[in-house]
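Basis for what follows: all heavy atoms, side chains included, without hydrogens, waters or symmetry-related copies.
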Protein chains: 2
Amino acid sequence: MKTEEEVEDFILNGHKHYLRHITIDCAIIGYHDQQLKILLVKWKHLNGWGLPGGFIMNEETLNEAANRILMEKTSLSDLFLQQFYTFGDSFFRLSKKDWDKDQRLLIPIPEDNWLLERTISIGYYAVVDFEKVSISPDIFYDEYQWCDIQSIPELLFDHNEMVEKAIQTIRLQIYHQPIGYNLLSEKFTLPEIHVLYETILGKQLDRRNFPKKLMSLGILKKLDEQRSIGPHRSPFLYEFDKENYEKALMEGIALAF
Amino acid sequence: MKTEEEVEDFILNGHKHYLRHITIDCAIIGYHDQQLKILLVKWKHLNGWGLPGGFIMNEETLNEAANRILMEKTSLSDLFLQQFYTFGDSFFRLSKKDWDKDQRLLIPIPEDNWLLERTISIGYYAVVDFEKVSISPDIFYDEYQWCDIQSIPELLFDHNEMVEKAIQTIRLQIYHQPIGYNLLSEKFTLPEIHVLYETILGKQLDRRNFPKKLMSLGILKKLDEQRSIGPHRSPFLYEFDKENYEKALMEGIALAF
DNA sequence: AATTTATTGCGTAAAATTTACAGAATCAAA
DNA sequence: TTTGATTCTGTAAATTTTACGCAATAAATT
């Protein structure tokens, strides 16, 4: 969606290709260097920050739509993308007034345009290493930021509620679903996955007990290689046991920290 | 929605009052006498069984809509109603062919009618004592049944998947959220809540250890009354400590069985 | 080549929790 | 008063979790 014609077509005829009333919004949690951040984008015409999102095309499934939208906004694919809740209590998303106010928008919008209707938003989350993400702008967004989880500003619509629920869900899910597949390199060390869990849970986990619990799940395979980390003992590399990982995704796991 | 005029108006003009594309479906899990059942309804025009559901009105929130729909279908209100997942991979809900085939329907349906569009369905579940529920029919449904969880027939759309996910969610949530407020009488005995948990989890819980764990949550209050149960020792009555129960709902609990 | 420094990796004792189970108390009907 | 079925409490054993000391290792420095 780059040319003027495409944008105009999206505004006037988008409702033929996308489902009205429904959006998908993504709470993309970024993790790096013991910090948790969330990806916020600035809406061109509303002059406020919110979560990246988009509409669902007529012929794609919800997961396909979520993956496509995430791909468009972050250039990332094949992420650990999880639906977590559907929000529908924010009755007005865009108003004609806000739209008309903004000079950057290309065409005036008809009063009964589909983009001005109430929307229900399906929330998805992903956890990514924010050092590896590159954001590509979109007609609706012109800026983005990785915002510290602790100090989130007031967001548009009900996006504050969505962020809160996303983080809450992740912290709960970490006990029941194997998390980490897309956050770490294919091969990683125990200390690496250790700080990942510490960061997400926001608390310290005993360095010596953590490997025992994690290994007892049977989803990790110890490799015969080590990583060189300078003048220190070389930690062994691990990778996820694909088969058991998939099984654990389906059936759930039980962890206690 | 009883008179012919009302039905016709719903079909032709419903899209002005309800959100297109979106429905709420309810997996109503019924519990009684150590059995788990699910409420199924038969769709008039599709000749198949599915979950009761309905559309969202323009000016009501999702929870309001879910409660209204549940009220309409079961005459129950103020239930422990929880959103659990949103489904959108079943592309066709109704077809004009199916509609036209059914003689009981009152009017022919236009090809581009809103009821024939793809729908996204927000799933809610409730757990109720099925002995206390009375079902009131609707234009779309003419029969209902309480179906044993173990032997669910093939359902319409993606409702089999919804039922499966609902039960899975309930079993997971029972460890993290206090369940029981709407299932038991206001005052209940330990054995009563004990079999409730056993039924939902589908396994036996030690009769002597169960009370210890449950009481340690601090959401139950022992009363100074007893229930008379015939020629046996009278069990004490308990009730939920409203304040702590609400707190536990918000913050979650941790149980291990 | 030995020493130093920072980190990984393992084992084990102590503490806490969970599980298993026995027996006393209670109620109402016979 | 006896009987039968059920509630309720306590406690020892088993298991799990937690805490933590120390050996092993890697490379840079002496």
Student: Any heavy-atom pair between the side chains of Ser121(A) and Thr119(A) that's under 4.5 Å?
Tutor: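 With C-beta onward as the side chain, the pair stays apart.
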Student: Could you tell me if the ring centre of Tyr125(A) sits under 6.0 Å from that of Tyr85(A)?
Tutor: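 Distance test on ring centres: not under 6.0 Å, no.
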Student: Just so I know, are the side chains of Glu198(B) and Phe210(B) near enough to count as touching, which here means a heavy-atom distance under 4.5 Å?
Tutor: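 Heavy-atom side-chain distance check fails, nothing below 4.5 Å.
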Student: Please tell me whether Tyr124(A) and Asn67(A) have a donor and an acceptor in their side chains that are separated by less than 3.5 angstrom.
Tutor: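 There is no such pair between these side chains.
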Student: With a 4.5 Å limit on heavy-atom distance, are the side chains of Leu190(B) and Tyr238(B) in contact?
Tutor: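 In contact.
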Student: Please check if the distance between the ring centroids of Phe240(B) and Phe188(B) is under 6.0 Å.
Tutor: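 Ring centroids of Phe240(B) and Phe188(B) are less than 6.0 Å from each other.
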Student: Contact list please: residues 204-217 of chain B against DNA chain D, heavy atoms, distance less than 4.0 Å, in numerical order.
Tutor: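 Here the set is Arg207(B), Arg208(B), Lys212(B).
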Student: Specify the separation, in whole Å, of atom NE2 of His194(A) and atom P of dT8(C).
Tutor: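 Rounded to whole Å, this separation is 10 Å.
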Student: For residues 210-223 of chain B, which residue pairs qualify under side chain to side chain donor-acceptor pair (under 3.5 Å), counting only residues two or more places apart or in two chains?
Tutor: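 Applying side chain to side chain donor-acceptor pair (under 3.5 Å) to every pair that reaches into residues 210-223 of chain B, excluding sequence neighbours, yields Asn209(B)-Lys212(B).
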Student: With a 4.0 Å heavy-atom cut-off, tell me which residues in residues 221-238 of chain B come close to DNA chain D, sorted by residue number.
Tutor: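 Lys222(B), Pro231(B), His232(B), Arg233(B), Pro235(B), Phe236(B), in order of number.
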Student: Using side-chain contact (heavy atoms from CB on, under 4.5 Å) as the criterion, point out the one residue from Leu39(A), Val41(A), Ile38(A) that pairs with Leu51(A).
Tutor: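 Single pass found, and it is Ile38(A).
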